Amino acid sequence: MGVVPDAQAWLNPATLTQATAIQRAIAARVEMVDRFPAAPSLAGADTSMRWRDSRGPIHAAIAPLAGAAATATIVPPFPYVPGYLGFREAPALLAAWARLAEKPDLLIVDGQGRAHPRRCGIASHIGVLLDWPTIGVAKSLLCGQVEGVLGEAAGATAPLVDRGELIGLALRSRARAKPIFVSIGHRVSLESALALIRSVGEGRRQPLPIRRAHDAANAARRAWEAAGATSA
DNA sequence: GCGACAG
DNA sequence: ATCTTGTCGC
């Protein structure tokens, strides 16, 4: 995998206390400056699972803007716990990444990046483990508050602040829609993250790469269920 | 102690 | 995260 020596250990904490320590270590490695080619190629990352089935398999997809998506199915190590989503979903997403022939220059992940209590959302997990540029785009807030008033017009932004620190941006990606929350995953500045997300908005609430990944993950899950499989 | 809580 | 149907609006 990436340049992290104990990447495998960082994916499998034995306890929540250990998971917390790993997140602090990952957060310390996050680079908040641009380190990717100009006009980067983009891909989206998302997962799909059965309704309220916290133990069943997770289907992950990485969807490039151009070309076919890669998918993978993994049984998650533990159920969803707010603040620890990275440990639940990153293994499946990394498996899908490994199957992707042409790696994109930058990955847009469905979930938070730095906009996390320990500055280590799933986009940072994946970015640091792969040492690859990532952006987090979430549909709702995990922590922090939107500063001031978010404009009504499409494209309006407002700072997202937590404990006095700027951790991301609220973005009105579409008029009359609830905002999305953009934050640094790894190797990108918040300014560039915003510009890139805006560039693939396509007039929808969620950026196109995430929509494509969402569709691909759902298709993988349907195929899995249609095949009657029970385990990964 | 109470409430809040990505996917 | 996901299920389901209808309804409203451009």
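A quick note: this is a predicted structure, and the numbers were derived from the prediction, not measured. Residue numbering restarts at 1 for every chain, and letters A, B, ... go by the order of the sequence lines.
The closest side-chain heavy-atom distance from A:Ile167 to A:Cys143 is below 4.5 Å. Taking 4.5 Å as the limit, some side-chain heavy atom of A:Ile122 sits within range of a side-chain heavy atom of A:Leu93. For the pair A:Leu196 and A:Ile108, the minimum side-chain heavy-atom distance is 4.5 Å or more. Side-chain contact between A:Pro207 and A:Ile180: present, with at least one pair of heavy atoms (C-beta onward) separated by less than 4.5 Å.
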With 3.5 Å as the limit, what N/O pairs link the protein to nucleotides 3-7 of chain C?
unit_1	atom_1	unit_2	atom_2	d
C:dC3	OP1	A:Arg221	NH1	3.4
C:dC3	OP1	A:Arg221	NH2	3.2

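The stretch residues 174-207 of chain A has no heavy atom under 4.0 angstrom from DNA chain B at all. Of the residues in residues 137-156 of chain A, those placing a heavy atom less than 4.0 Å from an atom of DNA chain B are A:Ala138, A:Lys139, A:Ser140, A:Leu141, A:Leu142, in numerical order. Contacts between residues 113-121 of chain A and DNA chain B, counted as heavy-atom distances below 4.0 Å, involve A:His116, A:Gly121.
Residue-level contact check: A:Ser48 touches the backbone only, with heavy atoms under 4.0 Å from sugar-phosphate atoms and none from bases. Residue contacts shown for A:Gly83 include a base, since a base heavy atom lies under 4.0 Å away. Across all strands shown, A:Tyr84 has heavy atoms under 4.0 Å from base atoms, whether or not it also approaches the sugar-phosphate. Using a 4.0 Å heavy-atom cutoff across all strands shown, A:His59 reaches no nucleic acid atom at all.
The environment of CD in A:Gln18 is crowded: more than 12 heavy-atom neighbours from other residues, nucleotides or ligands sit within 6.0 Å.
Contacts classified as salt bridge (charged side-chain N to carboxylate O under 4.0 Å, His left out) and involving residues 198-221 of chain A (residues at least two apart or in different chains) are given here: A:Arg221-A:Glu225. Listed by first and then second residue, the side-chain hydrogen bond (donor to acceptor under 3.5 Å, both in side chains) pairs involving residues 137-154 of chain A are A:Asp110-A:Lys139 (not counting sequence neighbours).
Side chain of A:Ser189 to backbone of A:Asp34: no donor-acceptor contact under 3.5 angstrom is found. Listed for the A:Arg172 side chain is a donor-acceptor partner under 3.5 Å among the backbone atoms of A:Ala177. Judged by distance alone, the side chain of A:Ser183 and the main-chain N or O of A:Gln112 form no donor-acceptor pair under 3.5 Å. Remark: the backbone N or O of A:Ser54 is paired with a side-chain donor or acceptor of A:Arg88 at under 3.5 angstrom.
Looking at residues two or more places apart in sequence or on another chain, you find a salt bridge (charged side-chain N to carboxylate O under 4.0 Å, His left out) between A:Arg187 and A:Asp131. With sequence neighbours left out, the side chain to side chain donor-acceptor pair (under 3.5 Å) criterion links A:His125 to A:Gln23. A:Arg114 is linked by a salt bridge (charged side-chain N to carboxylate O under 4.0 Å, His left out) to A:Glu165, counting only residues two or more places apart in sequence or in another chain.
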Can you run through DNA chain C from 5' to 3' and write each base as (, ), [, ], | or . depending on how it pairs? Watson-Crick or G-U wobble, both distances under 3.5 Å.
..........
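Taking both residues in full, the closest heavy atoms of A:Pro209 and A:Ala43 are given as CB-C, 3.8 Å, listed atom of the first, atom of the second, then distance. Taking every heavy atom of both residues into account, A:Phe36 and A:Asp105 meet most closely at CB-O, 4.3 Å. Nearest heavy atoms, A:Ala115 versus A:Leu160: CB-CD2, 3.9 Å.
Taking atom CG of A:Asp110 as the reference point, atom C1' of C:dA1 lies 9 Å away to the nearest angstrom. Taking atom CD1 of residue A:Ile74 and atom C1' of nucleotide C:dA1, one finds them 17 Å apart after rounding to whole Å.
Side-chain N/O atoms of A:Ser124 and A:His186 include no donor and acceptor closer than 3.5 Å.
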Take A:Ile126 and A:Trp97 through the side chain to side chain contact (heavy atoms under 4.5 Å, CB included) test and state the conclusion after the steps.
CA-CA 10 Å; A:Ile126 291 172; A:Trp97 175 267; over 6 Å; no
Test A:Phe87 against A:Val81 for side chain to side chain contact (heavy atoms under 4.5 Å, CB included), laying out the working first.
CA-CA 9 Å; A:Phe87 295 104; A:Val81 180; over 6 Å; no
Could you walk me through whether A:Thr71 and A:His59 pass the side chain to side chain contact (heavy atoms under 4.5 Å, CB included) check?
CA-CA 7 Å; A:Thr71 63; A:His59 310 272; over 6 Å; no
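With the 3.5 Å cutoff on both pairing distances, Watson-Crick and G-U pairs in DNA chain B never assemble into a run of at least 3.
When DNA chain B is scanned 5' to 3' for any atom under 4.0 Å from a heavy atom of chain A, the first and last hits are B:dC5 to B:dG7.
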